[in-house]
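These numbers were taken from a predicted model, which means no experiment stands behind them.
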Amino acid sequence: MPQQFWKPGTEKPRILEDEEGGVRLPVYKYRTAILYLVETHATTIIVGETGSGKTTQIPQAGWADGGRVIACTQPRRLAVQTVASRVAEEMDVKLGEEVGYTIRFEDVTNPAATMIKFLTDGVLLREIMDDPLLTKYSVIMVDEAHERSISTDILLGLLKKIQRRRPELRLIISSATIEAKSMSDFFQTSKKHRGPEDHGFAPRKVPAILSVEGRGFNVQIHYVVEPVSDYVRATVSTVLSIHEQEPAGDILVFLTGQDDIDAAIQLLTEEAHASRKISSGLIVLPLYSSLPRAEQDLVFSPTPRGKRKVVISTNIAETSLTLEGVVYVVDSGFSKQQFYNPISDIENLVVAPISKASARQRAGRAGRVRPGKCYRLYTEEYFVNEMSSVGIPEMQRSKLVSCVIQLKALGIDNILGFDWPASPPPEAMIRALEVLYSLGVLDDDAKLTSPVGFQAAEIPLDPMISKMILSSNQLGCSEEIITIAAILSIQSIWVSGKGVQKELDEAKLRFAAAEGDHVTFLNVYKGFLQSGKSSQWCHKNYMNYQAMKKVIEIREQLRRTALRLGIVLKSCEGDMLAVRKAVTAGFFANASRLEAFSHNGMYKTVRGSQEVYIHPSSVLFRVNPKWVIYHSLVSTDRQYMRNVMTIDPSWLTEAAPHFFQNLRRPDPIAL
DNA sequence: GAGCACTGC
């Protein structure tokens with residue numbers, strides 16, 4: 001590997017300790033600065049990035065430090081791959097040797113040679129389970145820490161803990177500049193001493209804060225003068241005025257979801273038709289994740305000369321996909337966000353205002369190729385005074401069942417006392433502990449049970465699905481159950497339904513099983529295999545080929561995990577009773593019963609007597625069997641059960657006697 | 001007779 005690193009003594013960059021307005025380093029000095037810090041005193045470095053633009057130089061600097069491996073995490077698979085290959089290229093080495101990466105399903109490393117390893121934060125968490133002190137790494141860098149995903153937050157909490165046991169471990173936390181100060185506070189404060197009584201507490205090591213300019217071009221921000229009442233209409237008129245008044249360059253619009261996007265496209269098309277001058281120049285394209293792959297790819301095709309591309313997108317273009325050629329951004333100021341109410345145990349997807357950090361990220365999308373402009377559909381006064389600086393961490397608005405089992409597996413016994421970057425609501429924690437207790441994954445002392453608890457934690461899925469897989473072993477239907485598990489863990493195996501609703505319903509009928517959606521999935525999977533995993537077959541049956549390929553991949557991973565756990569891979573050869581009992585063993589808590597004399601298909605959940613209905617996408621819609629269990633609830637004007645299966649109520653008490661005996665007054669659970 | 005922000009293991 002070429003030694004192209006900083007030589008000590010050549011340049012000494014300034015370390016910033018003030019929050020705003022301090023000296024900022026241009027991106028090409030990253031490496032110099034980090035090396036300097038590593039050489040001097042700091043064991044933790046917070047890198048605040050202003051503007052957009054990624055650096056690849058930090059890990060190279062880290063490598064020069066010790067000789068042991070440096071790990072660099074990213075929250076997304078694509079980012080891991082891109083950064084890894086860019087670094088390999090810059091260092092002039094082969095990807096997979098000195099520089100490598102690991103993401104789910106893909107390990108491009110050579111343990112004997114790899115010195116810089118890129119991975120998703122989820123993969124690093126799995127590694128901590130086998131190596132709690134991460135002894136093979138001397139430097140760990142966490143990128144995009146300001147996004148505050150559950151994995152990143154768990155990782156930050158664990159790294160802080162690991163650093164107390166391994167004082168020589170160096171951490172580099174890369175975050176948006178607005179978050180740098182609070183990250184630094186988190187790493188220097190001991191939880192026991194936090195709060196009003198901590199006078200006189202002196203941190204042992206103060207993280208160094210470093211502020212760095214990104215690579216992006218300058219983006220000029222425009223605000224509306226008066227608040228807008230209808231952001232879809234405001235979007236359309238803004239796009240039209242950019243098109244009329246501004247020089248060439250593509251436009252990227254951020255709206256909240258498919259409905260908004262379709263409405264905006266329709267309006268824009270109508271307006272464009274009214275004026276031939278406009279319609280000849282605009283190419284309007286939607287972008288969201290459930291859009292079929294071929295249509296998604298259209299946004300990446302180069303814009304023909306004399307035309308202007310307008311991409312109307314969800315948040316997917318904020319971080320996950322990067323469009324080249326965008327010069328103008330229109331920001332509605334809203335996005336859809338998940339919120340979880342631990343009291344009612346209901347998750348809700350709602351349109352909510354974005355944070356300043358998101359607004360800056362969106363604006364940065366306009367400055368990738370040359371200086372750009374961002375049009376914010378809210379007032380400057382609102383941005384300055386009312387917009388919150390960062391979003392609510394995912395941890396505080398999600399179900400925590402998977403998170404809790406993972407912490408238990410990592411040996412964190414006192415979950416409520418864990419040192420989080422942001423504490424989750426205690427009610428959500430207690431809910432999660434209850435669920436895990438009822439599954440038999442945790443015992444009376446809230447410790448993982450053996451073997452079920454430890455095995456469930458090994459399976460990289462929701463614990464209810466893991467339990468279903470474990471139960472399939474005794475019932476002799478593991479092959480069928482891991483197929484169901486793989487399909488339940490992706491969004492949908494059908495093509496998106498708009499416009500082809502009737503055809504889609506007919507296609508579904510060809511596979512429909514009286515037992516419900518889970519057994520229907522088995523029929524679909526069988527058909528797919530018999531077709532030779534054919535994409536034409538998928539197309540003909542209104543199934544999403546990409547999704548089915550993913551199912552195959554997940555299924556393979558689950559098979560390997562199952563074998564490692566000693567589960568016998570066995571087919572029940574059509575005995576659907578066994579399959580349904582295994583599903584019940586994981587999902588007994590989601591049982592509901594048709595209301596007597598109900599004319600509209602109203603069910604009540606066994607657990608909370610909530611009013612619920614079978615979702616119209618289910619094969620059991622309008623069939624309304626007396627007893628069902630469901631995979632999840634979606635809440636709109638009503639609560640709908642998605643992925644529904646018929647059961648015999650006697651299986652419930654069989655699967656979880658304790659849970660149903662104590663339904664009205666659950667035993668308090670030891671924390 | 002409905003509705004799907006986005007990741008990840």
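For A:Gln501 against B:dA2, a side-chain-to-base donor-acceptor contact under 3.5 Å is present. Side-chain N/O atoms of A:Asp505 and base N/O atoms of B:dG1 include a donor-acceptor pair closer than 3.5 Å.
Annotated as anti: B:dC6, whose glycosidic dihedral deviates from 0 by more than 90°.
A:Leu509 places its CG atom 14 Å from the C1' atom of B:dG1, with the value rounded to the nearest Å. Between A:Ile490 atom CD1 and B:dC4 atom P there is a gap of 18 Å when expressed in whole angstrom units. In this structure, the CD atom of A:Glu106 is 12 Å from the P atom of B:dG8, given to the nearest Å. Between the CG atom of A:Leu291 and the P atom of B:dG3 there is a distance of 20 Å, rounded to whole Å. What separates CG of A:Asn624 from P of B:dG1 is a distance of 12 Å, to the nearest Å. The distance from atom CG of A:Leu620 to atom C1' of B:dG1 is 15 Å, rounded to the nearest whole Å. Atoms OH (A:Tyr613) and C1' (B:dA2) sit 15 Å apart, rounded to a whole Å. Between the CD atom of A:Glu147 and the C1' atom of B:dG8 there is a distance of 12 Å, rounded to whole Å.
Looking at the side chain of A:Ser289, the nearest of the listed nucleotides B:dC9, B:dT7, B:dG1 is B:dT7. In this structure, the nucleotide among B:dG3, B:dT7, B:dA5 sitting nearest to the side chain of A:Gln491 is B:dT7. Taking the side chain of A:Asp637 as heavy atoms from C-beta on, and the options B:dC9, B:dA5, B:dG3, the nearest nucleotide is B:dG3. Side chain of A:His615, nearest nucleotide from B:dG1, B:dA2, B:dA5: B:dA2. Distance from the side chain of A:Tyr640 is smallest for B:dG3 among the nucleotides B:dC9, B:dT7, B:dG3.
Residue-to-nucleotide proximity on DNA chain B shows that, of A:Thr636 and A:Arg126, the 5′-proximal contact is made by A:Thr636. With the nearest nucleotide of DNA chain B identified for both A:Ser402 and A:Pro616, A:Pro616 has the one nearer the 5' end.
Aromatic ring centres of A:Phe587 and A:Tyr630: separated by at least 6.0 Å. Between A:Phe621 and A:His615, the gap from one ring centroid to the other reaches at least 6.0 Å.
At the phosphate of B:dG8, neither OP1 nor OP2 sits under 4.0 Å from any side-chain N or O atom of A:Ser151. Remark: A:Thr120 is in phosphate contact with B:dC9, judged by side-chain N or O atoms under 4.0 Å from OP1 or OP2.
Contact annotation for A:Ile316: backbone-only contact, meaning every heavy-atom pair under 4.0 Å involves sugar-phosphate atoms and none involves a base. Using a 4.0 Å heavy-atom criterion, one finds that A:Ser320 contacts the sugar-phosphate atoms exclusively. If you check every strand for non-hydrogen atoms under 4.0 Å, A:Glu394 touches nothing. Residue contacts for A:Arg76: at a heavy-atom cut-off of 4.0 Å it reaches the sugar-phosphate backbone alone, with no base atom in range. Contacts of A:Phe105 with the nucleic acid, taken as non-hydrogen atoms under 4.0 Å apart, are absent. Contact annotation for A:Gln337: no contact, since no heavy-atom pair falls under 4.0 Å across all strands. Within the nucleic acid shown, A:Ser149 has no heavy atom closer than 4.0 Å to any nucleic acid atom. Among the heavy atoms of the strands lying under 4.0 Å from A:Ile103 are primed sugar atoms or P, OP1, OP2 only; no base atom is included.
Salt-bridge annotation for A:Glu506 and A:Lys502: present, with a side-chain N of the basic residue lying under 4.0 Å from a carboxylate O of the acidic one.
Atom CG of A:Asp131 is separated from atom CD1 of A:Ile162 by 8.0 Å, given to the nearest 0.5 angstrom.
Note: A:Phe511 and A:Trp494 have tilted aromatic rings, judged against thresholds of 30 and 60 degrees for the angle between ring planes.
A donor-acceptor contact shorter than 3.5 Å is absent between the side chain of A:Glu318 and the backbone of A:Arg362.
The side-chain hydrogen bond (donor to acceptor under 3.5 Å, both in side chains) with A:Arg76 is formed by just one residue from the set A:Glu144, A:Gln81, A:Glu147; it is A:Glu147.
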